[in-house]
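What follows is a set of notes on a single structure, which appears directly below.
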Amino acid sequence: MMLKIRTIFLLSCFCCISMANAGKTYVKSPDGRVSVEFSLDRKGRPCYSVSYGDKKIIRPSCMGFELSDGTSLSDGFRIKKITRERCDSLWTPVWGENDSIRENYNGMTVSLSKNKIRMDIEFRVFDDGMGFRYVFREHPYPVLVLKEEVTEFAMTGNHTAWWIPEDYDSQEFEYTESLLDEIDAPGVQTSLMMKADDGIYLNLHEAALVDFPAMHLRLDKPSKVFRAHLTPRPDGTAAEVTLPFRTPWRTVTVSDKATDILASNLTLNLNEPCKITDTSWIKPVKFMGVWWEMITGKSKWSYTDAKDFDLATFDYASATPHGQHGANNGNVRRYIDFASRHGFDQLLVEGWNVGWEDWYGKEKDFVFDFLTPYPDFDIAGLNDYAHKKGIRLMMHHETSGSVANYERHLDAAYDLMRKYGYNTVKSGYVGNILPKGEYHYSQNIVNHYLNAVKKAADRRIMVNAHEAVRPTGLCRTWPNLMANESAMGQEYAEMSPRHVTILPFTRLKGGPMDFTPGIFRMDITSFAPGYQGKKKRATISNQLALYLTMYSPVQMAGDLPEHYERHIDAFQFIKDVPVDWSRSVYLDAEPGDFIVVARRDRNSSDWYVGGVTNEDAREYRLDFGFLPEGAVYECTVYRDAADSDGFTNPERYEIFDTRVTSASELPLRMARAGGFAVRLHPIQ
Ligand code: NOJ
Ligand code: CA
């Protein structure tokens, strides 16, 4: 589908202010509810604050940067000019939660100067929040080395926060729910979700992270002021940028309704329009994988037990296999048969390529060549077999964190994909980054992820990158970036049931997550040597609901074929559920508690509804008021049974059919760690 941008109107008006200090200036959202105030104090320090209705939500907060030469871009400024802009347009995402997104904001650019330095601060204020970014326009030295960002977000109270700790390499943590003054970490990551005592929901994040390090937030507990902290480079500085340069947007999403935070498109709206001219090859994907069996330790990625060898000289053909290699021809064919029989688009195969014997935790430069299959993986034959059965294989590139090595092989690796008919790659960055001293979220490595996506776009390849930097809405600009992991996903098996009621408020605000839902066999320790002692706490209905509550255009059915055979009636929902939507309506939600969302299929008139709860059982009445009036729908319900329990009896569920209209209501009790999934098909 081609990306269409229909601009309704875009007005600009200019007003020049030549005085040293313009005092205070404001910009309000189109509905007037969100208001941003900008000022320079007597020392020429830029400062902003934000109100929502008559409530302050961000108190006056500093802005700017410290440079590595000891000078600063945070004081001594004069206002040269203030420019205002109005934008109200609709754009069509290539895939998404909705088939049309309104970009409606009032903009204000404040042009600042001191000596030979010119810096703009651009504000965009939407009905659901605001973003601002810095534009370094002129400086005596056209290459700036930034030491740190001094942007602040001054909170108005001791809010409740859902946070994960600052880390330069990982987001794979459970969220802690605590008051701000109970945060026991040096800093936190974004997107940071908060709720104030007066019921206002606030979310801090960033948008369009390009050629810049990811931002963390450090809290001064007495003043409740968060200050930006940028992921450092090997030399300890934050970034090197060439003028003119635009930083990522710093964003604040706000509402008195939790569902508005989930529905907000602020992050996407602050990204550039699509840069791919022909997007017809970009298609949402439902897939299975030769994956969970390795994750759980039932089989292995590797082919032999060899250790510490040189990939360039190791002779796999004469090595003795250990016999537990998951990606072998017979097993892959078994998965292809199952995935094709049940209508999936693709099958991910991990452990297809040489090098896995020596990959983990070694900080070794050359572990994989991304080209050479193991002797028992017939790359040509298996792709051929899959294509004849109407599906594709999905490529896997684990880099073991060696970005240096991946970049060396990337072109050839993508060319190999094209040769055999792959159009999607799941990449991964487990382990410390090479070159040494770089971090997963430092500027150079952030650049790497986007370069890989751009190169992939040149070859019509879709990307699903694990362990890469948390997304910031770049999928608007590069819609072949289908998903990221960048959070604790299902691979951990053991996680608090509330995790999936928080992720849509945090991690998913930047873009889709490859969470890998659909685990049906919860007593995983019974078959999985790698998971002894771990517990999956979720009911099957909860797992079905995740296809709705965890939006992604690439959705996996994560479990093994034999586990789906055990509950083939519930598996029908995974087969039916679309991965692309024309409309999404968040019906009810509270971070950490529960989420209920209804979505309409982009390719039919069917609606689907999913609900998940945390460790508390919940009585829920689903109100079908979101349906068009008058129409009658055949309704298939998958819900927890009376004795279902995500901790003790997770595989129990009930399925029944009924008929509903927009006037109907349905009681849907969610068990502990439970949920429900509903399919609605209109009756002609
Ligand atoms: C971590 C990824 O998240 C997981 O999905 C993958 O199977 C392993 N790395 C191996 O690459
Ligand atoms: Ca991972």
Side-chain angles (χ1 to χ4, degrees), residues 164 167-174 189 285 287-303 324-327 331-332 335 346-362 364 367-370 374 377 393-403 405-406 409 413 424-433 440-441 445 449 452 463-471 482-495 499 503 507-508 511-519 524 528 530-531 534 536 550 552 554-560:
I164 54 174
D167 193 297
Y168 302 152
D169 286 303
S170 179
Q171 290 223 284
E172 298 189 7
F173 304 108
E174 290 220 34
Q189 303 200 38
V285 174
F287 68 107
M288 293 188 65
V290 182
W291 173 74
W292 190 234
E293 60 177 78
M294 284 91 86
I295 291 281
T296 55
K298 195 170 175 259
S299 69
K300 292 182 174 168
W301 283 275
S302 63
Y303 176 70
Q324 292 166 274
H325 181 221
N331 200 31
V332 174
Y335 275 81
Q346 299 204 4
L347 175 75
L348 164 73
V349 185
E350 297 199 3
W352 67 276
N353 56 325
V354 296
W356 285 88
E357 285 79 0
D358 211 21
W359 81 288
Y360 191 67
K362 298 205 168 153
K364 193 171 163 180
V367 176
F368 296 108
D369 68 6
F370 311 95
Y374 276 130
F377 182 87
L393 298 188
M394 185 185 287
M395 177 49 85
H396 184 229
H397 289 163
E398 173 55 65
T399 66
S400 68
S402 182
V403 168
N405 184 49
Y406 192 35
H409 290 92
T424 313
V425 61
K426 170 181 168 181
S427 55
Y429 297 87
V430 172
N432 290 343
I433 295 288
H440 279 74
Y441 312 145
I445 308 305
Y449 305 128
V463 177
N464 167 14
H466 281 221
E467 294 89 29
V469 70
R470 59 206 162 59
M482 307 298 282
N484 287 104
E485 185 191 38
S486 308
M488 179 190 267
Q490 189 107 273
E491 63 182 0
Y492 283 80
E494 189 163 80
M495 61 182 73
H499 192 56
L503 285 171
R507 161 64 185 77
L508 268 68
M513 174 171 179
D514 183 23
F515 182 76
T516 69
I519 298 305
I524 44 180
Y531 273 0
K534 282 198 180 185
K536 172 109 217 99
M550 297 284 295
S552 177
V554 287
Q555 285 285 26
M556 187 181 207
D559 213 333
L560 312 178

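Both counts, for ligands and for their atoms, begin at 1 and track the order of listing.
- For Glu350, the salt bridge (charged side-chain N to carboxylate O under 4.0 Å, His left out) partners two or more places apart in sequence, or in a different chain, are Lys426.
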Phe368 vs Val354, side chain to side chain contact (heavy atoms under 4.5 Å, CB included): CA-CA, chis, key distance, verdict: CA-CA 7 Å; Phe368 296 108; Val354 296; over 6 Å; no
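- The number of heavy-atom neighbours closer than 6.0 Å to OH of Tyr168, taken from other residues, nucleotides and ligands shown, is above 12.
- Inside a sphere of radius 3.0 Å centred on the Ca ion (ligand 2), the protein N/O/S atoms present are Glu172 OE2, Glu467 OE2, Glu485 OE1, Glu485 OE2, Glu491 OE2.
- Looking at Asn331, its side chain does come within 3.5 Å of a backbone N or O of Gly326 through a donor-acceptor pair.
- Formation of a donor-acceptor pair under 3.5 Å by the Glu398 side chain with backbone atoms of Val430 is found in this model.
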N/O pairs closer than 3.5 Å, ligand 1 and protein:
from: ligand 1; atom 1: 3 (O); to: His466; atom 2: ND1; distance (Å): 2.7
from: ligand 1; atom 1: 3 (O); to: Glu467; atom 2: OE2; distance (Å): 3.0
from: ligand 1; atom 1: 3 (O); to: Glu485; atom 2: OE1; distance (Å): 3.2
from: ligand 1; atom 1: 3 (O); to: Glu485; atom 2: OE2; distance (Å): 3.1
from: ligand 1; atom 1: 3 (O); to: Glu491; atom 2: OE1; distance (Å): 2.7
from: ligand 1; atom 1: 3 (O); to: Glu491; atom 2: OE2; distance (Å): 3.4
from: ligand 1; atom 1: 5 (O); to: Trp291; atom 2: NE1; distance (Å): 3.0
from: ligand 1; atom 1: 5 (O); to: Lys426; atom 2: NZ; distance (Å): 2.6
from: ligand 1; atom 1: 7 (O); to: Trp291; atom 2: NE1; distance (Å): 3.0
from: ligand 1; atom 1: 7 (O); to: Glu350; atom 2: OE1; distance (Å): 2.6
from: ligand 1; atom 1: 7 (O); to: Glu350; atom 2: OE2; distance (Å): 3.3
from: ligand 1; atom 1: 11 (O); to: His396; atom 2: NE2; distance (Å): 3.4
from: ligand 1; atom 1: 11 (O); to: Glu398; atom 2: OE1; distance (Å): 2.6

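- Partners of Asp169 by salt bridge (charged side-chain N to carboxylate O under 4.0 Å, His left out), not counting sequence neighbours: none found.
- Remark: of the listed residues His397, Glu485, Glu467, Glu467 is the sole one forming a side chain to side chain contact (heavy atoms under 4.5 Å, CB included) with Tyr429.
- Taking the six-membered ring for Trp and the full ring otherwise, Trp291 and His466 have centroids separated by 6.0 Å or more.
- No donor-acceptor pair under 3.5 Å is formed between the side chain of Ser552 and the backbone N or O of Asp514.
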